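As structure tokens, the structure follows; a few thoughts come after it.
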Amino acid sequence: MTTDRAIAAYLGLAIGDALGATVEFMTPREIAAQYGVHDKMIGGGWLHLKPGQVTDDTTMSLALGESILKQGRVDALAAAQAFDAWMRAKPVDIGNTVRRNLLQFRKTGNPEALYSDHDAGNGAAMRVLPVALATFGQTEEAVRAACRAQAHVTHYSTLSDAACECLAFMVQDALRGASKNDLLHKHAHPLAAQHPEFRFRAVRQSRNPSGYVVDTLQAVFQSFFDTDDFRDCLIDVVNRGGDADTTGAIAGILAGAVYGLEAIPEAWLKALDTNIRRSCEGQAWALIKLAGKS
Ligand SMILES: [Mg+2]
């Protein structure tokens with residue numbers, strides 16, 4: 001079950017990314033006018049993607065996962081080098097904070113960015129999945145340290161760290177069979193209690209969420225906890241627009257991990273870029289196998 005759910009989480013990441021990218025930076029009103037409800041993998045969007053093509057959320061995760069598998073563990077320098085190589089290959093999309101701090105890494109060779117409360121974008125949280133899989137079964141402290149090592153290459157901020165760690169623990173508990181309700185009470189509410197910025201219940205529906213990690217998680221949590229299957233969760237979150245590829249990617253991770261492979265709509269899976277699908281499946285399997293060895 002664990003490996004199946006890990007694969008579903010990785011496919012969920014890619015599917016949410018590809019589905020959301022079509023409507024990235026649009027408002028809910030614009031989406032409704034153009035698509036009614038956006039629910040098909042049709043590509044397009046401001047990046048002019050092919051149907052089923054993914055963006056940085058998925059390709060940075062795969063770059064990180066590859067570095068973890070090569071090193072046999074999460075290593076900050078290896079992650080920085082992997083991201084640097086990823087940037088040199090001219091990805092279709094790259095976030096501002098990611099670019100700025102990778103350029104800094106090229107100059108200094110230091111894989112840890114300077115601390116900044118302004119670097120609380122969602123760029124580290126969107127790629128946390130391979131770390132969650134590779135550290136499955138490790139101590140809480142080890143999981144937190146691994147989350148931070150990968151995150152701080154580009155995003156060193158308290159709120160980004162809190163989001164990354166919360167997501168990693170949610171994924172790991174889902175792999176153990178935790179229900180959505182378990183995840184709500186054990187992880188989402190405690191995150192909002194510790195960092196009230198993340199409160200997602202007493203606030204208005206987060207429509208048109210920005211790239212701020214707080215906006216992202218509010219939208220993801222509202223969609224994830226208020227729907228009951230993979231398809232509804234992803235449709236709900238991407239139709240909010242804004243940073244829809246990343247809200248889609250993170251919601252896809254959680255929904256995949258909780259609902260499993262059977263819940264992923266065949267049409268979306270078929271439309272997903274074939275090489276990306278294979279890479280996601282292969283990495284999920286290999287990362288869980290690596291976790292079992294430690
Ligand atoms: Mg993206």
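Values below: all heavy atoms of this structure, side chains included; hydrogens, waters and symmetry mates excluded. Everything numeric in this text was worked out from a predicted model, so none of it was measured. Counting from 1, the numbers follow the sequence of the chain as shown. In listed order, ligands and their atoms are each counted from 1.
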Step by step, work out the salt bridge (Lys or Arg N to Asp or Glu O under 4.0 Å) result for D229 and K180. CA-CA 10 Å; D229 71 38; K180 216 174 53 171; over 6 Å; no

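Looking only at distances, a side-chain donor or acceptor of Q283 sits under 3.5 Å from a matching main-chain atom of L62.
Shown are the protein N/O/S atoms under 2.8 Å from the Mg ion (ligand 1), given by residue and atom: T55 OG1, D56 OD1, D57 OD1, D245 OD2.
For D161 and T158, the side-chain atoms include no donor-acceptor pair closer than 3.5 Å. Using modelled atom types and a 3.5 Å distance limit, the side chains of T227 and D236 yield no donor-acceptor pair.
Heavy atoms of other residues, nucleotides or ligands lying less than 6.0 angstrom from CD of E30 number more than 12.
Ring geometry for Y115 versus Y156: interplanar angle over 60°, hence perpendicular rather than tilted (30 to 60°).
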